[in-house]
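Structure record follows, encoded as structure tokens.
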Amino acid sequence: MRIAILYAIGLLFLFPFYIAIVYSIKTPIETAESPLSFPKHISWSNYADAIEASNFFLALRNSVVTTSATVALTILVCSMGAYVIARNNNRFYTFFYYLFMSSIMLPFQVLMFPLYKTWADLHILNTLPGLITSLTGVQIGYFCFLYVGFIKTVPRELEESALLDGASRYRTFFSIIFPLLKPINMTIIVLSALGAWNDFVVSMVLVQKKAVSTLPLVQFQFFGEYTSQVNMAFAAIILSMIPIMIFYGFAQRYIIGGVTAGAVKG
């Protein structure tokens, strides 16, 4: 009975993938006649049409640049900020720690209008740097929380020895502390990459030009007010899933280890 329930849950989670794959290789007529059945004739032209209509490779480049820069900036900012907070137990730094934690509960909808106005005044709307900065800011709260918990498990004696030997605070962090953060770094790299790659809401608010559109944004163009190109849309979705799924397949084993290690102390 328990095995049957597990199989049923597994099929339930796989069903959306089946729908996406089947719709991406069907013709509109077959989709309308039998939405759930496997197509009699596979229509690979949906993929070629989706690539051409969405300018897929430009959007792919934008997504790769945005995701890579967001991950690098998130790792640098959050690790350094969390290190300072974790090593200073006073009210000033405790305030910032809880400020970061409170930002986790703040929905982006509260921030999007002030953010849009600020970015417009700074003339960085419809630019990749503006989008990268925003995606990084959205992620900082949660990842600082994870980093603080992990850094508190790192013995202070390691950095104290380095400081006594004359190393600066920056050299101590980058030469001794940062290499020890590999488990949580890998966890945050995976989570940050998934968040940046799949982001739609932040990108939709800050990006309107096709030249800087990411993959989630170009998929949205297949759905209009009066018509929907469902088959092409699902073909574009499948294509956009492939790079991030390959990345996740290589890196997912680090997630549990990093989060568990960071939960030892808090």
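Note that the structure is predicted; figures quoted are calculated from it, not measured.
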Quiz item: Could you state the interatomic distance from CG (Leu125) to OG (Ser134), rounded to the nearest 0.5 Å?
Solution: 8.5 Å
Quiz prompt | Candidate pair Val212 and Leu131, rule side chain to side chain contact (heavy atoms under 4.5 Å, CB included), full reasoning | solution = CA-CA 9 Å; Val212 289; Leu131 179 58; over 6 Å; no
Quiz prompt | Pairs involving residues 93-104, ordered by first then second residue, that meet salt bridge (charged side-chain N to carboxylate O under 4.0 Å, His left out) (sequence neighbours left out) | solution = none
Compile the donor-acceptor pairs under 3.5 Å between side chains in residues 230-241 and protein atoms, sequence neighbours left out, one pair per line.
unit_1: Asn231; atom_1: ND2; unit_2: Tyr23; atom_2: O; d: 2.8
unit_1: Asn231; atom_1: ND2; unit_2: Lys26; atom_2: O; d: 3.1
unit_1: Asn231; atom_1: ND2; unit_2: Thr31; atom_2: OG1; d: 2.8
unit_1: Ser240; atom_1: OG; unit_2: Gln219; atom_2: NE2; d: 2.7
unit_1: Ser240; atom_1: OG; unit_2: Ala236; atom_2: O; d: 3.3
unit_1: Ser240; atom_1: OG; unit_2: Ile237; atom_2: O; d: 2.8

Exercise. State which residues pass ring-ring contact (aromatic ring centres under 6.0 Å, His included) with Phe17; sequence neighbours excluded, sorted by chain then number.
Key: none
Quiz item: Rounded to the nearest 0.5 Å, how far apart are CD1 of Ile25 and CZ of Phe38?
Solution: 4.0 Å
Quiz item: If only atom types and distance count, is the side chain of Gln221 paired as donor or acceptor with the main-chain N or O of Ala53 below 3.5 Å?
Solution: yes
Quiz item: Does Leu163 share a hydrophobic cluster with Phe173, counting links as ILVMFWY side-chain heavy atoms below 4.5 Å and allowing steps through other members?
Solution: no
Practice problem: State plainly whether one hydrophobic cluster holds both Leu58 and Met204, where clusters connect Ile, Leu, Val, Met, Phe, Trp and Tyr through side-chain heavy atoms under 4.5 angstrom apart. | Solution: no
Quiz item: At what distance, to the nearest 0.5 angstrom, does OG1 of Thr214 lie from CG of Leu128?
Solution: 9.0 Å
Exercise. Any chance you could lay out the side chain to side chain contact (heavy atoms under 4.5 Å, CB included) test for Ile140 and Val77, step after step, and finish with the verdict?
Key: CA-CA 8 Å; Ile140 279 178; Val77 172; 3.9 Å; yes
Quiz item: Is there a path of hydrophobic side-chain contacts, each under 4.5 Å between heavy atoms of I, L, V, M, F, W or Y residues, that connects Ile176 with Leu76?
Solution: yes
Quiz item: Are Val138 and Asp199 side-chain neighbours, meaning at least one heavy-atom pair lies under 4.5 Å?
Solution: no
Practice problem: Any pair with a residue in residues 202-223 that passes salt bridge (charged side-chain N to carboxylate O under 4.0 Å, His left out), sequence neighbours left out, goes on the list, sorted by first then second residue, please. | Solution: none
Quiz prompt | Point-to-point distance, once rounded to the nearest 0.5 Å, from CG of Asn126 to CG of Leu206 | solution = 8.5 Å
Exercise. Say whether, by atom type as modelled, one donor and one acceptor occur between the side chain of Glu30 and the main chain of Lys40 under 3.5 angstrom.
Key: yes
Quiz item: What distance separates Ile188 CD1 from Ile184 CD1, expressed to the nearest 0.5 Å?
Solution: 4.5 Å
Quiz item: Is it the case that more than 12 heavy atoms not belonging to Ile29 sit under 6.0 Å from its CD1 atom?
Solution: no
Quiz item: Got a sec, which pairs hit side chain to side chain donor-acceptor pair (under 3.5 Å) with one end in residues 160-172, sequence neighbours left out?
Solution: Tyr83-Arg169
Practice problem: Enter the distance from Leu181:CG to Ile151:CD1 here, rounded to the nearest 0.5 Å. | Solution: 5.0 Å
Quiz prompt | Pairwise salt bridge (charged side-chain N to carboxylate O under 4.0 Å, His left out) hits with a residue in residues 96-118, at least two apart | solution = Lys117-Asp121
Practice problem: Would you indicate whether the side-chain heavy atoms of Cys144 and Phe96 approach each other to under 4.5 Å? | Solution: no
Quiz item: Which side chain to side chain donor-acceptor pair (under 3.5 Å) pairs, counting each pair once, include a residue from residues 43-54, with sequence neighbours left out?
Solution: Ser24-Tyr47, Ser43-Ser45
Exercise. Check Pro35 against Ala32 and note the closest heavy-atom contact, atom names and distance.
Key: CD-O, 4.3 Å
Self-check item: Co-membership, hydrophobic cluster, residues Phe57 and Val64, 4.5 Å side-chain
Solution: yes
Quiz prompt | Partner set under side-chain contact (heavy atoms from CB on, under 4.5 Å) for Phe13, not counting sequence neighbours | solution = Ile9
Practice problem: Would you list the pairs meeting side chain to side chain donor-acceptor pair (under 3.5 Å) in which at least one residue belongs to residues 4-17, sequence neighbours left out? | Solution: none
Practice problem: Sorted by first residue and then second, give each side chain to side chain donor-acceptor pair (under 3.5 Å) pair with at least one member in residues 58-79; sequence neighbours left out. | Solution: Thr74-Gln139
Quiz item: Quick one: does Leu11's side chain get under 4.5 Å of Tyr18's, heavy atoms only?
Solution: no
Quiz prompt | Ile3 CD1: over 12 foreign heavy atoms closer than 6.0 Å | solution = no
Self-check item: Where Pro39 and Val22 come nearest, the two heavy atoms and their spacing
Solution: CD-CG1, 4.1 Å
Practice problem: Apply the test side chain to side chain contact (heavy atoms under 4.5 Å, CB included) to residues Phe143 and Ile75: give CA-CA distance (whole Å), side-chain angles for both, the deciding distance (0.1 Å), then the verdict. | Solution: CA-CA 9 Å; Phe143 293 146; Ile75 292 291; over 6 Å; no
Quiz item: Would you say the side-chain atoms of Thr153 pair up with the backbone N or O of Gly149, donor to acceptor, closer than 3.5 Å?
Solution: no
Quiz item: Going through the distances and angles, do Met80 and Phe174 end up as a side chain to side chain contact (heavy atoms under 4.5 Å, CB included)?
Solution: CA-CA 9 Å; Met80 295 180 69; Phe174 286 107; 3.9 Å; yes
Quiz item: Who are the ring-ring contact (aromatic ring centres under 6.0 Å, His included) partners of Phe220, not counting sequence neighbours?
Solution: Phe200
Donor-acceptor pairs are to be reported for all side-chain atoms of residues 98-116 against protein atoms at under 3.5 Å, with residues two or more places apart or in another chain.
unit_1: Ser102; atom_1: OG; unit_2: Tyr98; atom_2: O; d: 3.3
unit_1: Ser102; atom_1: OG; unit_2: Leu99; atom_2: O; d: 2.7
unit_1: Ser103; atom_1: OG; unit_2: Phe100; atom_2: O; d: 2.5

Practice problem: Answer with yes or no after comparing the ring centroid distance for Tyr97 and Tyr93 against a 6.0 Å cut-off, counting only values under it. | Solution: no
